[in-house]
Amino acid sequence: MPASVKKRYLVTAALPYANGPLHIGHLAGAYLPADIYTRYQRLMGREILFVCGSDEHGAAITMRARKEGVSPREIVDKYHVLIRDTFQKLGIAFDIYHRTSEPLHHQTSQDIFRKLLEKGHFEERETEQYYDEIAGQFLADRYILGTCPMCGNPDAYGDQCEKCGASLSPDQLLQPRSALSGAMPIKRLTTHWYFKLNEHEAWLREWINTGQLDGKQLHDPATWKAHVVGQCNSWLDQGLQPRAMTRDLDWGVDVPPEIPHAEGKKLYVWLDAPIGYISATKQWATEHYDNWERFWKSDETALIHFIGKDNIVFHCLIFPAILRAHGEFILPINVPANQFLNLEGAKLSTSRNWAVWAHEYLEDLPGREDELRYNLIKNMPEQRDSEFTWKGLQETTNTELVANLGGFIQRVFVLLHKNYGGLVPQANWEQIFRSGWDAEQYITIDRELFALAKKLEAMGAEVERFQFRDALRTLMEISSAGNALLQFNEPWKATPERVEEVRAVLFTAIQYAVALSVAMRPFLPFAAARLRAQLNLLPFEDGGELVALINDLLEGNPVLWPNHPVGLPEHLFSRLTDEVVEKQIQKLHTAQPPTPAEAPPSSDSAYPPLKKTIPYEVFEQLDLRVATVVDAQKVEKADKLLRLTVDLGFETRTIVAGIAQHYTPEQVVGRQVLVVANLAPRKMRGIESQGMILMAEDAQGHLCFVRPDEGWPHGFSVR
RNA sequence: GGCGCGGUAGCUCAGCUGGUCAGAGCGUAUGAUUCAUAAUCAUAAGGUCGGGAGUUCAAGCCUCCCCCGCGCUACCA
């Protein structure tokens with residue numbers, strides 16, 4: 001069943017994580033498409049609810065709070081406000097921007113947890129987990145620091161190394177330490193609830209690929225993006241595993257306290273975050289004396305999740321599985337995830353501060369929200385990663401917004417004032433003139449307006465297919481056709497014998513301007529409102545203006561009647577100067593990594609901190625030896641591993657080293673190296689590694705060998 | 001290493017189930033025009049659709065191999 005036949009829509013945009021500001025990648029990824037879609041549907045007179053909110057739980061926030069010496073509450077309050085205001089200033093028009101720290105959300109999440117437990121969708125598992133005896137608590141993955149086994153970064157987190165991007169598990173960290181106390185964590189038993197995701201694999205596969213569930217056609221898989229379906233199948237093919245839905249944390253939604261072993265446990269942030277969509281809906285319903293269930297529990301609702309590609313698995317597999325396991329909720333009819341936006345040729349990076357922060361843009365280029373929106377839509381990463389450049393922003397602003405669109409509006413208003421004192425002229429509908437769509441064609445007003453209506457319909461169809469770039473282009477074709485209409489008919493040459501013709505042309509042109517004012521709104525809400533005022537029309541109410549307009553045009557009715565007085569000509573957009581653009585490019589290239597107070601947590605500092613002092617006896621236990629690499633081979637099916645054969649003089653050993661991305665086998669054969677010779681052997685990719693090669697690492701994570709002077713004898717110890 | 005998505009004109013990108021699919025916008029060139037923020041309109045430029053092989057009457061669009069980018073995943077003492 002296509003979305004267009006549903007009675008109402010529920011649109012969600014990924015909940016921003018409240019420990020950092022928004023950047024243009026977030027906007028292009030989820031919020032702009034969601035906003036365009038929502039605004040469009042409102043203009044089409046459809047019932048649509050657009051919910052979002054701050055995601056305020058999770059270990060990253062508590063980590064950050066600890067680092068800055070403030071409470072998690074202070075962190076989330078700060079970013080909740082910043083993000084909310086940024087959205088508002090950019091015209092992202094949520095019906096509600098909620099937050100997951102609200103009691104309503106906690107309650108909602110707990111209710112769902114209870115229901116899942118009650119229905120047997122969890123299994124309780126006792127596992128060993130790191131525990132900090134000094135702090136007296138279990139350590140979330142994020143709370144365990146250690147040396148990254150991939151790149152040697154000494155400050156890798158238990159779930160991820162931010163330096164090399166590797167995803168890790170705490171057990172992989174070398175020299176694990178607690179982020180709370182610095183103590184060496186110990187293993188201790190803890191209980192968690194695992195959602196049996198594996199039991200949902202079969203129906204998820206069918207639902208994703210065919211749109212069918214329980215014999216019902218819930219969506220048309222052809223309307224889903226290829227990369228979304230592909231990503232899901234990739235996961236499904238690897239087999240879904242039960243996932244822990246609780247954590248040992250002190251910030252988040254409590255596991256319902258009446259449940260045995262619940263003490264000290266919180267819901268996993270990825271369980272509670274999407275539930276935030278539901279609690280946001282509830283909050284909205286409460287405020288509007290409405291019923292939230294008609295949005296979440298009715299087949300008449302089309303649920304659409306707008307997200308970036310990093311969220312596909314949660315929104316297409318895990319959350320749907322939870323919704324269905326619960327049993328009362330509908331599933332999304334589409335998850336039009338976007339890919340990533342790059343910036344000036346490189347990936348966005350918050351830790352390197354390679355980004356355009358939305359709140360800074362608003363400060364640096366005030367009043368240019370629509371220009372940013374336009375460029376981001378034009379370059380939206382709908383099918384693949386795409387790119388934002390400042391030059392590109394300047395170009396689209398100056399050529400498409402100022403020259404084409406702004407120019408057309410300006411011309412119409414000027415001509416209307418010059419010729420008719422600012423009143424819409426009375427026009428003869430029999431009058432023939434050249435079509436703006438084709439100079440060779442002579443046409444009448446109604447035919448021209450019909451063509452306009454068709455264009456608006458085409459634009460709408462593109463929006464409904466989530467093809468926002470195409471829709472934007474179609475919008476601009478209207479403006480171009482308007483320009484052509486003027487160009488072909490030259491209404492500035494109002495000779496006496498052309499009076500009727502000029503009237504008809506300008507009458508048509510102002511109808512185009514009205515149509516643009518409405519059709520622009522999803523993309524350029526601020527300029528649309530300005531144009532609306534300039535046209536001397538009532539402000540938008542988001543109550544079906546576009547559908548009314550299209551119907552009028554199709555029926556051959558004008559959308560602005562003769563003698564309607566329009567406002568004075570006023571430029572809709574202004575040019576973006578080289579100066580402004582250069583300054584931003586400068587800023588980007590000279591940007592310092594953000595200060596701790598401004599930055600998301602990051603391990604970037606010039607030098608890794610010193611580890612704690614150890615007694616000599618500990619050092620003495622190390623047996624370091626000089627050795628020569630006599631053979632090196634790439635390990636099958638491993639990108640980072642080399643299997644080295646090293647000669648210690650008194651014996652030859654096999655050592656597996658994670659250096660394949662830094663050295664080719666040829667480069668290492670014959671080198672003298674230092675070896676930790678008494679390290680417990682360990683199997684890697686099926687090969688037993690009998691020691692470890694010492695490597696030095698720089699700030700970028702590059703590795704080099706540590707070795708003695710040329711020709712030093714083998715096998716003797718290092719001290 | 002495995003899997004997924006991409007690799008199309010100088011730039012940014014469209015191309016649905018194979019047969020007007022070789023395209024759009026910007027940039028460039030030429031011409032027209034002056035109502036308009038040197039804005040607008042028209043026309044053109046010819047890119048072996050990453051490389052190679054294959055299937056087909058017909059392939060950017062299907063198959064196989066290789067190369068490159070991004071993402072997920074495995075490996076990492």
Side-chain angles (χ1 to χ4, degrees), chain A residues 146-152 161 164-168 172-175 222-223 225-238 309-310 312-313 339-340 342 347 375 378-389 391-392 395-396 398-404 406-419 436 439 465 467 469-470 472-473 476-477 479-480 482-488 490-494 506 509 569 571-575 634-642 655-661 676 679-682 684-687 689 691-693:
Chain A
T147 301
C148 174
M150 316 270 188
C151 70
C161 171
C164 67
S167 44
L168 304 170
Q172 294 176 287
L173 289 177
L174 313 178
Q175 292 127 345
T223 62
K225 297 188 185 191
H227 75 266
V228 173
V229 175
Q231 181 75 66
C232 291
N233 282 326
S234 176
W235 272 74
L236 289 165
D237 290 345
Q238 286 173 33
K309 70 173 162 184
D310 49 338
I312 288 173
V313 175
Q339 309 245 17
F340 287 156
N342 293 323
K347 282 193 276 186
N375 186 264
K378 186 182 160 83
N379 295 313
M380 193 174 273
E382 290 177 341
Q383 308 294 344
R384 58 176 170 184
D385 292 356
S386 68
E387 177 146 321
F388 173 89
T389 64
K391 285 281 177 202
E395 199 174 275
T396 55
N398 293 350
T399 63
E400 300 179 39
L401 292 179
V402 174
N404 190 328
F408 170 64
I409 298 300
Q410 179 74 6
R411 300 169 84 183
V412 174
F413 275 79
V414 166
L415 287 165
L416 231 49
H417 275 90
K418 278 192 177 167
N419 290 358
R465 288 198 299 269
Q467 295 168 351
R469 302 169 63 126
D470 287 342
L472 186 67
R473 191 191 324 152
M476 291 307 291
E477 284 173 10
S479 169
S480 288
N483 274 316
L485 178 74
L486 299 182
Q487 201 63 39
F488 297 154
E490 305 184 309
W492 45 90
K493 291 179 181 168
L506 288 180
H571 293 306
L572 217 45
F573 300 99
S574 62
R575 297 178 67 83
K634 197 125 175 27
V635 175
E636 285 277 305
K637 301 184 180 182
D639 290 350
K640 300 184 180 176
L641 301 183
L642 288 186
I655 293 180
V656 179
I659 58 172
Q661 293 184 329
V676 182
L679 198 62
R682 178 176 166 123
M684 276 181 275
R685 272 283 157 194
I687 303 165
S689 180
M692 175 178 166
I693 309 284

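Naming convention: chains lettered A, B, ... in sequence-line order (proteins, then strands); numbering from 1 in each chain. Only this structure's heavy atoms are used, side chains among them; waters, hydrogens and symmetry mates stay out.
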- Task: Round to the nearest Å and state the distance from A:K347 atom NZ to B:G6 atom P.
- Result: 19 Å

- Nearest-angstrom distance, P atom, B:G47 to B:G54: 27 Å

- In terms of the nearest nucleotide of RNA chain B, which residue is placed more toward the 5' end: A:N483 or A:L679? A:N483

- Message: Over all strands shown, is A:T389 touching base, sugar-phosphate only, or nothing at heavy-atom distances under 4.0 angstrom?
- Response: nothing

- What's the CG-P distance between A:L401 and B:A36, to the nearest Å? 21 Å

- Task: For B:G71 and B:A24, measure between their C1' atoms and round to the nearest Å.
- Result: 28 Å

- Query: Between A:D385 (side chain) and A:F340 (backbone), is there a donor-acceptor pair under 3.5 Å?
  - Reply: yes

- Step by step, work out the side chain to side chain contact (heavy atoms under 4.5 Å, CB included) result for A:K309 and A:K225. CA-CA 11 Å; A:K309 70 173 162 184; A:K225 297 188 185 191; over 6 Å; no

- Item | side chain to side chain contact (heavy atoms under 4.5 Å, CB included) against A:S479, all qualifying residues, sequence neighbours excluded | A:N404, A:L405, A:F408, A:N483, A:L516

- Query: Which base sits across from B:G60 as a Watson-Crick or G-U pair, both distances under 3.5 Å?
  - Reply: none

- Say you pick atom P in B:A42 and the same atom in B:C26; how far apart are they, in whole Å? 10 Å

- Would you classify A:V656 as touching base, sugar-phosphate or nothing, given that sugar-phosphate means primed atoms plus P, OP1 and OP2, and contacts are heavy atoms under 4.0 Å? sugar-phosphate

- Say you pick atom P in B:C13 and the same atom in B:G6; how far apart are they, in whole Å? 14 Å

- Message: Looking at every non-hydrogen atom in both residues, tell me the closest pair between A:G406 and A:L572 and how far apart they are.
- Response: CA-CB, 4.2 Å

- Message: Going by salt bridge (charged side-chain N to carboxylate O under 4.0 Å, His left out), name the residues that satisfy it together with A:R473, two or more places apart in sequence or in a different chain.
- Response: A:D470

- Item | Watson-Crick or G-U wobble mate for B:A32, both contacts under 3.5 Å | B:U40

- Task: With a 3.5 angstrom cut-off on both distances, give the Watson-Crick or G-U wobble partner of B:C16, or none if there isn't one.
- Result: none

- If you measure from the P atom in B:U63 to the same atom in B:U55, how many Å do you get, rounded? 15 Å

- Message: Which residues pass the side chain to side chain donor-acceptor pair (under 3.5 Å) test with A:N379, not counting sequence neighbours?
- Response: A:N375

- Message: Please give the distance between the P atoms of B:U17 and B:A53 as a whole number of Å.
- Response: 26 Å

- Task: Take atom CD of A:Q339 and atom P of B:G7, then tell me their distance rounded to the nearest Å.
- Result: 11 Å

- Query: How far does NZ of A:K378 sit from CD of A:E395, to the nearest 0.5 angstrom?
  - Reply: 8.0 Å

- With sequence neighbours excluded, what pairs up with A:K347 under the salt bridge (charged side-chain N to carboxylate O under 4.0 Å, His left out) test? none

Polar-atom pairs under 3.5 Å, protein N or O versus N or O of nucleotides 32-35 of chain B: list them with distances, or write none.
from	atom 1	to	atom 2	distance (Å)
B:C35	O3'	A:K418	NZ	3.0
B:C35	O2	A:R411	NE	3.2
B:C35	N3	A:R411	NE	3.0
B:C35	N3	A:R411	NH2	2.6
B:C35	N4	A:R411	NH2	2.7

What protein N or O atoms touch nucleotides 25-30 of chain B N or O atoms at under 3.5 angstrom, if any, and at what distances?
from	atom 1	to	atom 2	distance (Å)
B:G25	O2'	A:K378	NZ	3.3
B:G25	O2'	A:E400	OE2	3.3
B:C26	O2'	A:E395	OE1	3.4
B:C26	O2'	A:E395	OE2	2.2

- Query: Quantified in whole Å, what is the P atom distance between nucleotide B:G60 and nucleotide B:G51?
  - Reply: 11 Å

- Item | For A:F573, ring pair (Phe, Tyr, Trp, His ring centres under 6.0 Å) partners two or more places apart | none

- Can you name the residues that form a salt bridge (charged side-chain N to carboxylate O under 4.0 Å, His left out) with A:D310, not counting sequence neighbours? none

- CG of A:L236 to CD of A:Q231: how many Å apart, nearest 0.5 Å? 10.5 Å

- Task: Using the C1' atom as the reference point in each nucleotide, state the distance between B:A22 and B:C49 in Å, no decimals.
- Result: 7 Å

- Message: Just to be sure I understand the rule, does A:G691 reach a base, reach only the sugar-phosphate, or reach nothing, if contact means heavy atoms closer than 4.0 Å?
- Response: sugar-phosphate

- Does any donor atom in the side chain of A:Q383 or A:R469 lie under 3.5 Å from an acceptor atom in the other side chain? no

- Message: With a 3.5 Å distance limit and no angle check, can you tell me whether A:S234 reaches the backbone of A:G230 through a side-chain donor-acceptor pair?
- Response: no

- Message: Could you report the tightest heavy-atom contact between A:Q487 and A:W492, atom names first, then the distance?
- Response: CA-CH2, 4.1 Å

- Message: B:U12, OP1 or OP2 - any side-chain N/O from A:R469 closer than 4.0 Å?
- Response: no

- Item | Nucleotide opposite B:U55 in a Watson-Crick or G-U pair, distances under 3.5 Å | none

- Task: Quickly work out the A:Q231 CD to B:G6 C1' distance and round it to whole Å.
- Result: 13 Å

- Query: Contact class for A:F413 (heavy atom, under 4.0 Å): base, sugar-phosphate, or nothing?
  - Reply: nothing

- Select base, sugar-phosphate, or nothing to describe what A:L236 touches, counting heavy atoms under 4.0 Å on all strands. nothing

- Item | Spacing between A:D385 atom CG and B:C5 atom C1', to the nearest angstrom | 9 Å

What's touching nucleotides 59-69 of chain B from the protein side, N or O pairs under 3.5 Å?
none

- Looking only at heavy atoms, which two atoms of A:N398 and A:V402 are closest? And how far apart? O-CB, 3.5 Å

- Query: Any idea if B:G51 is syn or anti, going by the 90°-from-0 cut?
  - Reply: anti

- Atom-to-atom span, CG of A:L506 to P of B:A36 - whole angstrom: 13 Å

- Send over the distance from A:N398 CG to B:U12 P, rounded to a whole Å. 19 Å

- Would you indicate what A:A657 reaches in the nucleic acid, counting non-hydrogen atoms under 4.0 angstrom: base, sugar-phosphate, or nothing? sugar-phosphate

- Complementary nucleotide of B:G6, counting Watson-Crick and G-U pairs under 3.5 Å: B:C68

- Could you pull out all residues at least two apart from A:E387 that satisfy salt bridge (charged side-chain N to carboxylate O under 4.0 Å, His left out)? none

- Distance (rounded to the nearest 0.5 Å) between A:L506 CG and A:K418 NZ: 11.5 Å

Return the polar atom pairs (N/O with N/O) between nucleotides 15-18 of chain B and the protein under 3.5 Å, or none.
none

- Note on the structure: Atom NZ of A:K225 and atom P of B:A14 are separated, to the nearest Å, by 10 Å

- Task: Could you tell me whether A:S480 contacts a base, only the sugar-phosphate backbone, or nothing, with contacts defined as non-hydrogen atoms closer than 4.0 Å?
- Result: sugar-phosphate

Show me the protein contacts with nucleotides 1-3 of chain B, counting only N or O atoms at under 3.5 Å.
from	atom 1	to	atom 2	distance (Å)
B:G1	N7	A:D639	OD1	2.8
B:G1	N7	A:D639	OD2	2.9
B:C3	O2'	A:S234	OG	3.1

